[in-house]
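In what follows, every chain begins at residue 1, and chains take the letters A, B, ... in the order their sequences are listed.
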2 protein chains.
Amino acid sequence: MATISDVARLAGLSVSTVSRVINNNPHVIPKKRKLIEDAMQQLGYVPRPAARQLRGSSTNTMAVTIPRIVNPFFSYLVDAIERTLDEAGYTTIIVQTFSRPEEELTALKMLRNQQVDGVILCSIENPWSVIQPYLQYGRIVLVNEYLADVPVPIIRANQYQGFYNATEFLLQHGYTKLAYATGRKQVALAENGVNFDSDRFSGFQSALNSIGKVRFNPHWLFTNAHTATDGKLILQKIIASPDKPDAILAGSDEVALGLLEEAQAQGVQIPAQLAVLGVDDQPSSSFLKIPLTTIRQPVDQMGSAAAKAMVAALQDQAVTLPQIFPLEIVKRASV
Amino acid sequence: MATISDVARLAGLSVSTVSRVINNNPHVIPKKRKLIEDAMQQLGYVPRPAARQLRGSSTNTMAVTIPRIVNPFFSYLVDAIERTLDEAGYTTIIVQTFSRPEEELTALKMLRNQQVDGVILCSIENPWSVIQPYLQYGRIVLVNEYLADVPVPIIRANQYQGFYNATEFLLQHGYTKLAYATGRKQVALAENGVNFDSDRFSGFQSALNSIGKVRFNPHWLFTNAHTATDGKLILQKIIASPDKPDAILAGSDEVALGLLEEAQAQGVQIPAQLAVLGVDDQPSSSFLKIPLTTIRQPVDQMGSAAAKAMVAALQDQAVTLPQIFPLEIVKRASV
DNA sequence: ATAAATTTTGAAAACGATATCAAATTCTAT
DNA sequence: ATAGAATTTGATATCGTTTTCAAAATTTAT
């Protein structure tokens, strides 16, 4: 492996000058610059990131945390983020947290260790009090989820309004016994402000109270629902219960798919016996046996906005204003 | 940030001894080891990867290259790889290549720069002659795709046999005018042995010749097909052409989905007018309006086997034997 | 008790880059 | 032509580890 000294020797100049060329410092005379560039070319020289990092310069690398890459919502989000960062000259590292706080810390530690210039959190697994201290080491941007009153750029969809509208939509269609599924372990208020899922959940509840004048039946809350298999299990539970809901907000198209499949297997009529509302609008959702009514999230826009906010944050000191995108109901046959 | 010297000072010992504790070298007396561990604890000390890398020790990090993370086949493959590597104590870096050779080189350069201990290639974008030199810097494992006669572990599915069987399956069902779609830019022999897509393609052609005694019509070859939108376009081309195929091997469930959707929009009967065969068996494929007949790939097994082969390669010198998994036809309604 | 062998420890030299600061060179003005 | 200013260059310290290699401490053998 060629090092900076090899280049310096071949070019007949000092490492300082070579370093200047690498970092395009203007104080190098064109003739010598050319000499050095040729030498770098000839040796196939590439600066070693470890050495630069150790010396404390920027890494041009960003970490992005997501719960699971196999969730299409997150794979599309990451894809949008990565494409935008790529244009700005940054490399992206994807960190799957599997919803574990420790794994989120792994990403944050990369910030502290100067392995990355910033981290984009697409889900939040730790209380803000543990995330906050890492702000001194670099930039943090929140996408998709959010916390109130934290001094970082936040890009998100209006989950409250979206779920309020979706609930209103269900109520208007005559459903009153609404079930609710979520990937969360529990639905509760976060330590420092309102978080993602309770945002969805409060939009849901608020519409239920103010429009439907109905109280939510806690037996119809299903947590920890991620996959189609989880959806199937939920449907089985619904069938087995004495007091059955007549509609369900499924939390994702994946879970909705399982619900739909199991409903067919069990002879449950959709939407007559149970209306199903997904979230995400995956490519296949329009072409299912029962085309899925779902809430579309503006994932490309959010991803790209998040990446841009990060790049902006890295360049100047100003914190980008919070950006909030609307959710849209895509009406099909499952409601 | 606490450094190794801070720990040494607090423990009243030298950095050498601290380093020995970090790397659990046996030559440290238990009492002092305890002293140092306490100091590390108290300062929240974590060694800086950049410094260790610079010094040339192993990184416990692996790069995995894939064309696009939004392709479910690859997101599941990466997921399986990452889970297995995680158990073995390795961190995974995902590199999207977008099928660009330069991006694949980015991953290979991480090997040379000692940013990673190995790279797992899930697709091959460069000729072996350019990949080969990087073998001197670390381990390389090939998954999903393969090259003949290269000295690295290869984990793959039997694409030739799978596509031979699938073609036989179509022929047995009475289809003779078979079209073929692929994500590749072209279908051709690779520089150094047979590659992935021509493997699929030769299985296809070989069955066509030996069983069907039919010649493939090159007008029915569709390249560069990745998304559902691409599938829709292909169906439109098929409709517009004078000599229409009666079946198509779609290359992926995503493309098949587009084919199916557009067929419905255009009033083309599936499978009566056109049989559609997907690849991947995505979760939603069984529940489409027209349940998709597809070729299932053992993605979890392959991912996990690849990760294990990499870990083994890193530990001893022996190259894992090539592993080849069978493809399975999942019969549903689109054929 | 002493010498030899063994174990445990520490000082200092890497690793490959960047940044400071002073020296050398070139340019400008008289 | 010469002093002074401005520009370009290079020597060297530094970042935080690991790894020699030799010194110090301990154990074992005589």
If the cut-off is 4.0 Å, is [X] near the phosphate of [N], judged by side-chain N/O to OP1 or OP2?
X       : N      : answer
B/Thr3  : D/dG16 : no
B/Thr17 : C/dG10 : yes
B/Arg48 : D/dT17 : no
A/Lys32 : D/dT8  : no

Could you tell me how far apart [X] ([atom1]) and [N] ([atom2]) are, to the nearest whole angstrom?
X        : N      : atom1 : atom2 : answer
B/His27  : D/dC21 : NE2   : C1'   : 14 Å
B/Leu35  : C/dT8  : CG    : P     : 16 Å
B/Gln114 : D/dT17 : CD    : P     : 17 Å
B/Arg20  : C/dT8  : CZ    : P     : 10 Å
B/Asp6   : D/dG16 : CG    : P     : 8 Å
B/Asn113 : C/dC15 : CG    : P     : 16 Å
A/Leu13  : D/dT8  : CG    : C1'   : 11 Å
B/Asn25  : D/dT17 : CG    : C1'   : 15 Å

Which heavy atom in B/Glu104 sits nearest to a heavy atom in B/Ser123, and how many Å separate them? OE2-O, 3.2 Å

Please compare B/Val28 and B/Ala51 by the position of their nearest nucleotide in DNA chain C and report the one closer to 5'. B/Val28

Proximal nucleotide (of D/dT12, D/dG16, D/dT17) relative to the B/Leu54 side chain: D/dG16

Pair B/Asp86-B/Arg83, salt bridge (charged side-chain N to carboxylate O under 4.0 Å, His left out): steps then yes or no: CA-CA 5 Å; B/Asp86 208 47; B/Arg83 283 172 190 275; over 6 Å; no

Does any N or O donor sit under 3.5 Å from an N or O acceptor when you compare the side chain of A/Ser14 with the base of D/dA11? no

D/dG16 base to A/Arg55 side chain: any donor-acceptor pair below 3.5 Å? no

A/Val46 near the nucleic acid: base, sugar-phosphate alone, or nothing, with a heavy-atom cut-off under 4.0 Å? sugar-phosphate

For B/Ile29, report the nucleic acid contact type (base, sugar-phosphate, nothing); a contact means any heavy atom under 4.0 Å. sugar-phosphate

Whether the B/Ser19 and B/Ser16 side chains hold a donor-acceptor pair (N or O, under 3.5 Å, no angle test) is what I'd like checked. no

Walking DNA chain D from its 5' end, the first of B/Ser19 and A/Pro30 to be reached, judged by nearest nucleotide, is A/Pro30

When you look at CD of A/Glu102, are more than 12 heavy atoms from neighbouring residues, nucleotides or ligands closer to it than 6.0 Å? yes

A/Ile94 CD1 to A/Glu82 CD distance, which is reported to the nearest 0.5 Å: 5.5 Å

